[in-house]
Structures are given as C-alpha cells and as structure tokens.
2 protein chains.
Amino acid sequence: MATISDVARAAGVSASTVSYVLSGRRPISAETRARVQAAIAELRYHPHAGARALASSRTSVLALVVPLRADVNVPVIMQFVTAVVTAARTHNHDVLLLTMDEGTAGLERVAGSTMVDALILMDVERQDVRLPALRRLKQPSVLIGVPDDPDGIACIDLDFAATARECLRHLAGHGHRRVALVGPTPAVYQRGTSYADRFLGGFIEAAAEFGVRAVARSCEPGGDGVRACLAGIDAELPDVTALVVHNEEALLPLLDELRIRGRRVPTDVSVVAVCPRDVAVAQPVRLTSADIPAHEVGTLAVEMAMGLLAGRAAPTTRLLAPTLVERDSCAAPR
Amino acid sequence: MATISDVARAAGVSASTVSYVLSGRRPISAETRARVQAAIAELRYHPHAGARALASSRTSVLALVVPLRADVNVPVIMQFVTAVVTAARTHNHDVLLLTMDEGTAGLERVAGSTMVDALILMDVERQDVRLPALRRLKQPSVLIGVPDDPDGIACIDLDFAATARECLRHLAGHGHRRVALVGPTPAVYQRGTSYADRFLGGFIEAAAEFGVRAVARSCEPGGDGVRACLAGIDAELPDVTALVVHNEEALLPLLDELRIRGRRVPTDVSVVAVCPRDVAVAQPVRLTSADIPAHEVGTLAVEMAMGLLAGRAAPTTRLLAPTLVERDSCAAPR
DNA sequence: TTGAAAGCGCTACCAA
DNA sequence: TTGGTAGCGCTTTCAA
C-alpha cells in the first residue's frame with residue numbers, strides 16, 4: 001500500500017504538503033494541489049485510518065448502538081440505521097455497529113479505545129443505566145429518545161406527547177368522545193421506554209384537555225394479543241368510537257380483527273396510527289397517521305453529533321413537531 | 001486517557017511487558033501478570049485502537065456490507081446482521097456497517113485505508129460487479145451467497161438448489177403432481193440474485209426428477225401482486241395442488257387470498273414456505289417450511305473470515321444442507 | 001522471563 | 001506557499 005511519503009515523492013513535495021492537500025487546513029497553490037492529487041490517484045493512495053487516528057485523535061467513525069431485543073419493530077429500527085449510516089457518510093464518517101448486549105461495557109470499550117468520535121444510542125429508557133457511563137466518556141453522545149434527566153447529553157426524538165395530543169385533537173375534531181389507545185407491548189412500558197411513556201402521558205393529558213374519555217392499554221403481538229387488548233378496553237370503557245394505535249405490530253391483526261367483528265373502518269370505528277408513513281399506506285385501509293420520522297431523526301442525530309464534535313453545539317434536547325396525515329381511516333362517530 | 005506507559009510505570013515493568021500480557025504472545029510470570037492486570041484495572045486502561053492498528057496492521061474490525069434496497073426483506077437482513085455482530089464479538093472483533101450505496105468505492109475505501117481486517121458481503125449477485133475489486137483487496141472477504149465464479153473468494157449460504165429439491169421431494173411424497181413456485185419479486189431475478197436463481201434452478205430440476213409438473217412465477221408484494229401471481233400460475237398450469245413459497249412478504253397476503261377464495265390449507269392446497277423458522281410459525285397456519293438459517297450463516301461467515309485471517313482456511317464455498325420442518329400446511333391432494 | 005528501542009503512517013507545530 | 005520533524009501509542013525484534 002502506498003503511504004503519504006510515496007505520494008509526496010511522486011508529486012515532488014513534502015509529506016506535510018500532501019497532508020494539507022488532503023485536509024485543506026492550509027492554502028496550497030493550485031499547481032501543487034493538482035500534482036499531489038494526480039499522485040494520489042496514480043498510486044491509489046488511501047490514508048491509513050489508524051495512523052490518522054493516532055496522530056489526530058479523530059477516527060471519522062461513529063458508534064451506533066441498536067436494540068436487538070425481541071420486542072422491537074425491526075423495520076423501524078432499520079429505517080433509523082439506514083438514515084444514520086447515510087447521513088454519517090455525507091459527513092465523511094463511517095458507522096460502527098454495536099448491539100446493546102454488551103451494555104455499558106461496550107460503550108466504554110469502543111470509547112476508551114478511541115475507536116469512535118461520538119456515539120448515537122437508540123431505545124433509550126427513562127432511567128437509562130448507560131447515562132452515567134456516557135457522561136464519563138470523552139466522546140459526546142446523542143440519544144434517540146429522551147431520558148428523565150438528559151442533562152449534559154444531546155437528545156433527539158419525535159415529540160411523542162405532542163403527537164398524542166395531535167391524534168386526540170384530530171379525533172375530537174371529528175366528534176369522538178370515547179377513545180382508546182392501543183399501546184406498545186407491556187415489556188416496552190415495563191422497562192420504562194422513553195417514547196412509550198411520553199406518548200401515554202400526552203394522551204392522558206390531551207384527553208382531559210379535549211373533554212374526551214380515554215383508556216390506554218398495552219398490547220401483546222399477534223391476534224391473541226389484539227383480542228385481549230380490545231377486551232380490556234371494552235371492560236374499562238365500552239363503546240369507544242376511535243382507536244389510536246401506537247404499535248406497528250398490532251396494526252394488521254387489529255384491522256383483521258375489526259373486519260372479522262364486522263366493524264368497518266372508518267364507518268364504525270376510526271383509527272389513527274402512529275407509525276412510519278410507508279406502513280400506514282401499506283395497510284388494507286390507508287390509515288390516517290402521525291408519522292414516525294425515522295429518517296429525519298436519524299439524520300438529525302448525526303448532525304447533532306457533528307455539531308458537538310465541531311464545538312458548534314451544546315448538548316440539548318430537540319423534539320420534532322408531529323405531522324398528522326389524513327387518509328381513509330377517520331370519520332365522525334355514528 | 002491512560003497509555004501503555006502509564007500502565008507499565010504503575011506496574012513497575014516495561015511497556016513491552018504490558019503489551020505481552022495483553023496479547024499473550026510470550027510467557028509472563030504469574031506475579032508480573034497479576035501486577036500488570038491490577039494496573040490495567042486501576043487505570044481503566046484501554047489500548048488505543050489506532051495505535052494498535054498502526055503497529056500491528058490489525059484492526060479487529062470486520063466490514064459488513066448490507067443491502068438496503070426496497071425489495072429486500074428487512075427482518076431477515078437483520079437476523080444476518082445480528083448474527084454477524086454477535087459472532088464478531090465472540091472473536092473480539094467489531095463491525096463496521098456499510099450500505100451498498102457506495103458500491104465498489106466503499107469497499108476500496110475501508111479496505112484501502114485499513115479500517116477493517118476482512119469484509120462480509122450480503123445480497124450477492126451471480127455476476128457481482130464487486131468481485132474484481134474484492135479480489136484486488138489485501139483483506140479477505142466472505143460472501144453470503146454464491147456468485148457464478150467464486151474463484152478466490154470464500155462463500156457461505158444455504159444450499160438453495162438442494163432446498164428446492166427437498167420441498168418438492170416432500171410434496172411429491174405426499175402425492176402432489178402439480179406444483180407451483182411463488183418466487184421472489186421480479187427485481188430480485190432481474191438483477192441475478194444468486195439465491196433466487198439457485199432455488200429456481202433446483203426447483204425445475206427436482207420437478208423433472210420427481211415427475212412433478214411445475215410452474216414458477218415471481219411475485220410482487222401485496223395482495224395485488226399475489227393475485228397476479230396466482231392468475232399467472234393458473235393460466236400456465238391449472239389446478240395446482242401445492243405451492244412452494246420463496247417470498248416472505250407474499251406469505252401473509254397469499255394465505256389471506258387463499259382463505260378468501262375458500263381454499264383451505266392444507267385440505268385444498270398444500271403450502272411449503274422457505275423462510276426463517278419464526279416467520280413460518282407466526283402465520284395463521286403453522287407452515288411446513290424449509291428453514292433459512294440466518295443465524296447459522298451469519299455466524300459461519302464470521303468464522304470463515306477468522307479462518308482466512310488466521311491462515312487456517314482457504315477461500316472455499318460452503319453450502320448448508322436444508323432442513324425441512326413439517327408443520328400444519330401439507331397434506332395429500334384430494 | 002524481561003527490557004530497550006525502532007518503527008508503523010500520519011498530523012500539526014515550528015520555521016522559512 | 002511550502003518543508004522539516006516531533007510525536008501520537010502501540011507491537012515486535014533484538015538483546016540480555
């Protein structure tokens with residue numbers, strides 16, 4: 001493999017000049033730059049990442065910690081991952097993929113050994129045990145999600161409380177007065193997942209605000225889970241006229257179950273989903289939905305990491321305003 | 001951050017001794033080892049990855065190239081990814097995630113800059129344009145999939161031809177003589193995806209072998225795609241008594257469509273799926289299926305990469321024998 | 001069983 | 001506008 005000295009020799013300049021051509025950190029005459037670039041191309045030169053990291057304390061790598069538990073929605077996770085990798089590349093960074101299996105130790109390992117410049121973490125819990133470790137690292141981190149105490153750490157997410165409010169506002173506007181929330185699987189609540197709690201909190205509050213009677217239930221996956229959830233709702237608040245579904249896995253079985261029971265959407269029951277756009281339109285009925293902007297969130301997470309690295313930004317929390325798109329699943333109650 | 005010299009000083013030994021304690025590449029007295037390890041723990045020392053890579057030409061990182069096109073089955077991809085990351089960690093390696101967007105340039109970038117020790121690639125095409133580049137790299141690569149000319153490159157995959165044969169053997173054993181293959185989406189065939197072609201080839205051949213009349217059709221996603229596919233099958237070979245489904249996305253809409261048409265599984269029509277175990281059992285009817293052993297393939301891909309790095313293995317192709325598990329979707333034709 | 005020291009390839013400071 | 005060079009923190013040979 002060619003080294004920087006090989007390039008320097010071929011171009012008739014010094015190694016430092018080659019380095020500066022590459023980094024753009026000091027002015028280089030057009031002529032010199034051209035000669036150097038020709039040599040680089042000629043020799044198919046690629047700077048050695050390790051040497052660069054050693055000399056500059058910069059790796060051009062971001063760590064991305066993804067949840068790989070059974071109860072997460074894989075396609076949505078992948079949307080985040082894709083967005084992060086793509087955005088990272090536009091900033092000339094690569095992505096090191098960590099699963100949460102290793103927990104805090106994994107973070108300390110990659111950060112301690114200077115493998116990455118910054119960390120991005122998904123699936124944040126309200127009292128996330130990783131937070132103290134993150135605060136100790138010399139690298140900045142960005143959370144996708146918002147813990148109870150985000151102090152000193154950057155956070156980005158959809159404003160789930162506002163999203164819940166938006167769903168209820170929409171339904172209340174149609175005249176609904178009895179609404180149920182079909183929430184994520186119980187495990188998601190049990191471990192205090194940030195977004196689930198924030199959505200639930202916003203839902204309860206907005207119900208009071210709009211004068212809507214509301215129930216909320218978690219929902220296990222599959223047809224059985226959906227039936228149990230509906231039964232629970234019915235026991236607590238009979239004759240709901242609308243459902244807010246914050247559970248992608250439940251969507252299809254739920255619509256199925258409603259059809260089997262002869263309850264038509266939106267004639268007999270209105271449905272608002274909280275999910276990525278593409279899953280909302282892929283359902284048997286095109287669902288009115290509040291978008292989960294995975295791509296935007298992933299991109300912004302990378303942008304925030306870059307801001308922190310450049311010293312341009314402080315670690316703050318950023319919540320994206322909800323977008324509710326009307327489709328074919330909401331109508332006035334009969 | 002503590003350096004190796006800090007550790008050496010704290011333990012009262014030389015830097016090289018610390019290095020050897022870490023690598024185990026030369027005998028160290030128990031007593032010295034203990035002192036060094038205590039110092040390492042005390043100072044929370046982590047070797048600098050870049051420095052290590054520079055000195056040793058080893059990064060302890062694997063590149064994983066994943067397809068992120070619209071027409072891939074995301075949950076299956078994630079199974080491979082999870083398996084690769086987990087296996088990599090058991091070998092003390094991390095995983096750098098690349099998407100195929102960058103194509104050959106991305107491979108040359110991470111390999112050329114010595115960011116990784118080896119590469120693992122998914123979604124291989126028969127005439128994969130990346131092969132020449134891979135052969136030029138100094139790092140070994142492992143393909144998940146088998147191109148037409150795998151010469152000089154390690155490959156690992158399910159034996160899809162044998163899998164197709166196994167499905168037909170099972171159906172022929174039940175007495176079926178008219179069988180259809182519901183294949184992947186047309187785009188998968190169009191780009192010459194290795195596994196799709198190998199399955200199709202095996203299917204045609206085995207049909208002849210077992211005296212079964214067979215049709216094969218690609219199948220677009222969604223209910224409409226499934227109906228079009230079934231129509232095509234019916235036009236070419238009416239009254240098939242069994243379906244082999246090599247398309248996870250189509251599975252649910254297909255079973256739905258059959259139910260709507262009043263064709264019961266397995267009474268009226270038998271179904272064999274080719275998919276991961278968990279999706280086979282998650283369907284409305286527990287499907288007899290040939291397993292796609294994503295976890296095993298991912299793990300073996302890492303193992304092969306390690307073998308190549310250690311010089312213990314040559315780049316060869318390894319095909320896993322199929323496993324067909326009988327469940328509730330196959331019976332004799334009426 | 002251990003130590004000393006020469007690089008690995010690059011960046012960035014100091015000079016010119 | 002450019003060059004020289006001292007490290008960055010580690011591995012590994014050579015010596016003892």
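Since the model is a prediction, treat every value here as computed from it, not as a measurement. Chain letters run A, B, ... following the sequence lines, proteins first and then strands; every chain starts at 1.
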Can a donor-acceptor pair under 3.5 Å be found between the side-chain atoms of [X] and the base atoms of [N]?
{"X": "B:Arg9", "N": "C:dG3", "answer": "no"}
{"X": "A:Arg25", "N": "C:dT11", "answer": "no"}
{"X": "B:Tyr20", "N": "D:dC10", "answer": "no"}
{"X": "A:Thr17", "N": "D:dG3", "answer": "no"}
{"X": "B:Arg26", "N": "C:dT1", "answer": "no"}
{"X": "B:Arg52", "N": "C:dG9", "answer": "no"}

| Where the side chain of A:Ala55 is concerned, which of D:dT11, D:dG9, C:dC10 is the nearest nucleotide? | C:dC10
Please check the phosphate of [N] (OP1 and OP2 only) for any side-chain N or O of [X] closer than 4.0 Å.
{"X": "B:Ser14", "N": "C:dG3", "value": "yes"}
{"X": "B:Ser29", "N": "C:dT2", "value": "yes"}
{"X": "B:Ser19", "N": "D:dT11", "value": "yes"}

Could you check how far [atom1] of [X] sits from [atom2] of [N], rounded to whole Å?
{"X": "A:Arg33", "N": "D:dT1", "atom1": "CZ", "atom2": "P", "result": "9 Å"}
{"X": "A:His46", "N": "C:dG9", "atom1": "NE2", "atom2": "P", "result": "15 Å"}
{"X": "A:Ile4", "N": "C:dG9", "atom1": "CD1", "atom2": "C1'", "result": "8 Å"}
{"X": "B:Met115", "N": "C:dG9", "atom1": "CE", "atom2": "P", "result": "17 Å"}
{"X": "B:His48", "N": "D:dG7", "atom1": "NE2", "atom2": "C1'", "result": "13 Å"}
{"X": "A:Asp6", "N": "C:dC10", "atom1": "CG", "atom2": "C1'", "result": "13 Å"}

| query | Would the number of heavy atoms belonging to other residues, nucleotides or ligands and lying under 6.0 Å from CZ of A:Arg135 be above 12? | reply | yes
| query | Taking the side chain from A:Asp117 and the backbone from A:Thr59, do they hold a donor-acceptor pair closer than 3.5 Å? | reply | yes
| field | Sidechain-backbone polar pair: A:Gln139 side chain, A:Ala111 backbone, donor-acceptor under 3.5 Å | value | yes
What nucleic acid atoms does [X] come within less than 4.0 Å of, heavy atoms only: base, sugar-phosphate, or nothing?
{"X": "A:Ser23", "value": "nothing"}
{"X": "B:Ser56", "value": "sugar-phosphate"}
{"X": "A:Thr32", "value": "sugar-phosphate"}

| note | Contacts of A:Gln37 meeting side-chain hydrogen bond (donor to acceptor under 3.5 Å, both in side chains) (sequence neighbours excluded), chain-then-number -> none
| Of B:Ser16 and B:Ala51, whose closest DNA chain C nucleotide lies nearer the 5' terminus? | B:Ser16
| said: One thing to verify: whether A:Arg318 and A:Asp159 come together as a salt bridge, which I'm taking to mean a side-chain N less than 4.0 angstrom from a carboxylate O. | reply: no
| query | For DNA chain D, whose closest nucleotide is more 5', that of A:Leu54 or that of A:Gly12? | reply | A:Gly12
| remark: Minimal heavy-atom distance between B:Ala15 and B:Ala8, with the atoms involved, is N-CB, 3.6 Å
